[in-house]
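Remember, predicted model here, so these are calculated numbers, not experimental data.
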Amino acid sequence: MGLTSGTFALLLCAVAVAAVAAAVLLWSKVRGPRAIRTAARVGMIVLCQLTAILVVMVTVNDQNGFYASWADLLGQANAGGGRTVSAQAPPPPAVPDYRVTFTAYTQGFRKATVHGWHSGTKGDVIVWLPPQYAKKEYAHTRFPVIEVLHGIPGTPHSFLRGMRLGQIMQDQITQGRAEPAILVLPTITPDRVNTGCADVPGKSRVATWLTDDVVRTVTTNFRTLPAPRGWAVMGISTGGYCAARLALEHPGTFTAAAALAPDNPADGVRSPLWLARNTRPRVQLLVESSLQDPESPPGFADRISAAVRPPATVTVLRMTRGGHNWKTWGRMFPDAFTWLSGRIEAPRAVPLAPSAAP
């Protein structure tokens with residue numbers, strides 16, 4: 001039974017109601033010495049409180065998408081591996097093979113567990129293809145790519161629970177507000193540690209994972225435009241911080257980035273703010289925030305905008321309402337998709353080799 005399934009939520013509600021009903025019915029019927037009666041009644045109260053708390057926690061999680069599964073909650077999702085070679089596991093190939101099978105997942109997305117041969121880790125990568133990708137007239141067309149990064153806590157699966165991301169993108173394409181693009185949702189914690197999407201010796205090489213292994217996997221398995229003009233990165237909360245950092249530090253991979261309600265850009269070594277002040281990448285940044293979001297106030301965007309140096313540019317968008325939650329981020333994505341679409345290369349037909357991605 002899934003953590004976010006409706007059946008689990010209904011079961012918890014039933015248990016909570018049953019606990020209260022049992023307490024009411026049994027309260028006056030408890031027998032025995034005074035100490036036993038007191039302990040039994042305290043136990044009834046505690047049981048009622050615990051079940052009520054669980055109902056509230058599950059409801060809040062369902063609405064905000066903090067944890068997408070039991071494995072995510074228990075810290076077992078996107079487990080890394082690959083740094084050490086056991087006696088049973090074969091060593092990495094001399095020439096890394098990034099061919100993987102993306103299987104049908106949900107809401108039109110596909111999913112695969114990807115080995116990061118260069119980062120030494122592995123994790124889930126979820127992909128959404130625009131409807132045009134499968135049409136005959138687009139058989140020789142390569143598409144731009146947008147990496148979409150989740151927050152912490154969270155996983156790539158959180159986007160499918162917190163919002164219908166593919167539908168948002170499809171609506172923008174249908175309305176002529178965005179070009180067809182491939183959405184790629186990788187984990188930003190392949191080794192279950194938050195490095196701010198940086199390579200941290202002894203912990204995790206997340207930057208290499210996102211800018212090398214994920215990119216190679218997607219370009220190997222799908223018809224994509226080359227980086228950097230055909231690639232952008234965006235994210236929410238910690239993922240927004242990561243999007244700004246990766247674009248500023250890896251302009252050879254991403255030509256544009258959208259940071260939606262990002263974490264404090266001054267945090268961490270080689271932070272987005274430090275990179276904005278000390279580097280001059282040819283990238284375009286969008287920073288979007290809400291005036292009512294205390295965790296990502298508009299001042300974060302102002303600091304990045306003041307620090308960035310040409311040829312890099314920053315566009316700032318502000319919403320008047322909304323906190324640090326999925327509902328607010330869902331309202332940010334349409335404009336962010338449109339903004340990014342105008343700054344990356346549009347789909348174009350190119351000759352494909354016989355061995356090219358399907």
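- The distance between the ring centers of His115 and Tyr98 does not fall below 6.0 angstrom.
- For the pair Arg110 and Trp128, the cation-pi test (distance below 6.0 Å, angle within 45°) is failed.
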Inset, instruction - Begin from the C-alpha positions of Tyr105 and Phe109 and carry the test ring pair (Phe, Tyr, Trp, His ring centres under 6.0 Å) through to its verdict. - result: CA-CA 5 Å; Tyr105 186 37; Phe109 283 83; 7.8 Å; no

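- Here the straight-line distance linking atom CD1 of Ile126 with atom NE2 of His150 works out to 9.0 Å at 0.5 Å rounding.
- Every pair passing side chain to side chain donor-acceptor pair (under 3.5 Å) that includes a residue from residues 257-269 is listed here, sequence neighbours excluded: Ser237-Asp263, Thr238-Asp263.
- In this structure, Cys48 and Ala23 approach most closely via the heavy-atom pair SG-CB, 4.0 Å.
- Between the side chain of Arg245 and the backbone N or O of Arg270, at least one donor-acceptor pair lies under 3.5 Å.
- Pro347 and Pro180 get closest at one heavy-atom pair: CG-O, 3.3 Å.
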Legend entry - Step-by-step side-chain contact (heavy atoms from CB on, under 4.5 Å) determination, Leu149 to Met234: CA-CA 6 Å; Leu149 310 180; Met234 68 188 305; over 6 Å; no

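- Atom-to-atom distance recorded for Leu25:CG and Met44:CE is 9.5 Å, nearest 0.5 angstrom.
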Inset, instruction - Determine, step by step, whether Gln175 and Asp171 satisfy the side chain to side chain donor-acceptor pair (under 3.5 Å) criterion, reporting the C-alpha distance in whole Å, the side-chain angles of both residues, the deciding distance to 0.1 Å, and the verdict. - result: CA-CA 6 Å; Gln175 296 167 14; Asp171 290 344; 5.3 Å; no

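- Using a 4.0 Å cut-off between a side-chain N of Lys or Arg and a carboxylate O of Asp or Glu, Glu288 and Arg318 do not qualify as a salt bridge.
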Inset, instruction - Could you walk me through whether Gln107 and Arg164 pass the side-chain contact (heavy atoms from CB on, under 4.5 Å) test, one step at a time? - result: CA-CA 8 Å; Gln107 300 178 25; Arg164 298 186 68 86; 3.9 Å; yes

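- Rounded to the nearest 0.5 angstrom, Gln292 CD and Asn325 CG are separated by 10.0 Å.
- Checked options Val125, Val214, Leu165, Val127; the residue passing with Leu185 is Leu165 (criterion: side-chain contact (heavy atoms from CB on, under 4.5 Å)).
- Of the possible donor and acceptor atoms, one in the side chain of Thr217 sits under 3.5 Å from a partner among the backbone N and O of Asp213.
- Between Thr51 and Ala16, the closest heavy-atom pair is OG1-CA, 3.5 Å.
- In this pair, Phe333 and Phe159 present their aromatic rings perpendicular. The plane angle is above 60°, beyond the 30 to 60° band.
- Listed by chain and residue number, nothing satisfies the ring-ring contact (aromatic ring centres under 6.0 Å, His included) test with His250 (two or more places apart in sequence, or in another chain).
- The OG1 atom of Thr141 sits 6.5 Å away from the CZ atom of Arg223 when rounded to the nearest 0.5 Å.
- A donor-acceptor pair is defined here as one N or O able to donate and one able to accept, closer than 3.5 Å; no such pair exists between the side chain of Thr255 and the backbone of Ile344.
- Between His324 and Trp329, the ring center distance clears the sub-6.0 Å criterion.
- With rounding to the nearest 0.5 angstrom, the CD atom of Glu179 is 13.0 Å from the CG atom of Leu340.
- Counting only distance, with no hydrogens or angles, the side chain of Trp209 and the backbone of His118 share no donor-acceptor pair below 3.5 Å.
- Ion pairing between Arg177 and Asp335 holds under the 4.0 Å rule for side-chain N and carboxylate O.
- Distance check, rounded to the nearest 0.5 Å: CG of Leu286 to CZ of Arg343 gives 8.0 Å.
- Nearest heavy-atom pair, Thr328 versus Gly323, reported as atom, atom and distance to 0.1 Å: OG1-O, 2.9 Å.
- Residues Ala243 and Ala258 share a closest heavy-atom pair of CB-O, 3.8 Å.
- Not a single donor-acceptor pair under 3.5 Å links the side chain of Arg331 to the backbone N or O of Lys327.
- Aromatic pair Tyr133/Phe143: ring centres closer than 6.0 Å.
- Judged by distance alone, the side chain of Thr113 and the main-chain N or O of Asp124 form no donor-acceptor pair under 3.5 Å.
- Residue Val314 comes nearest to Val316 through the heavy atom pair CG1-CG2, 4.1 Å, listed as atom of the first residue, atom of the second, then distance.
- Between Phe222 and Phe102, the distance separating the two ring centers is shorter than 6.0 angstrom.
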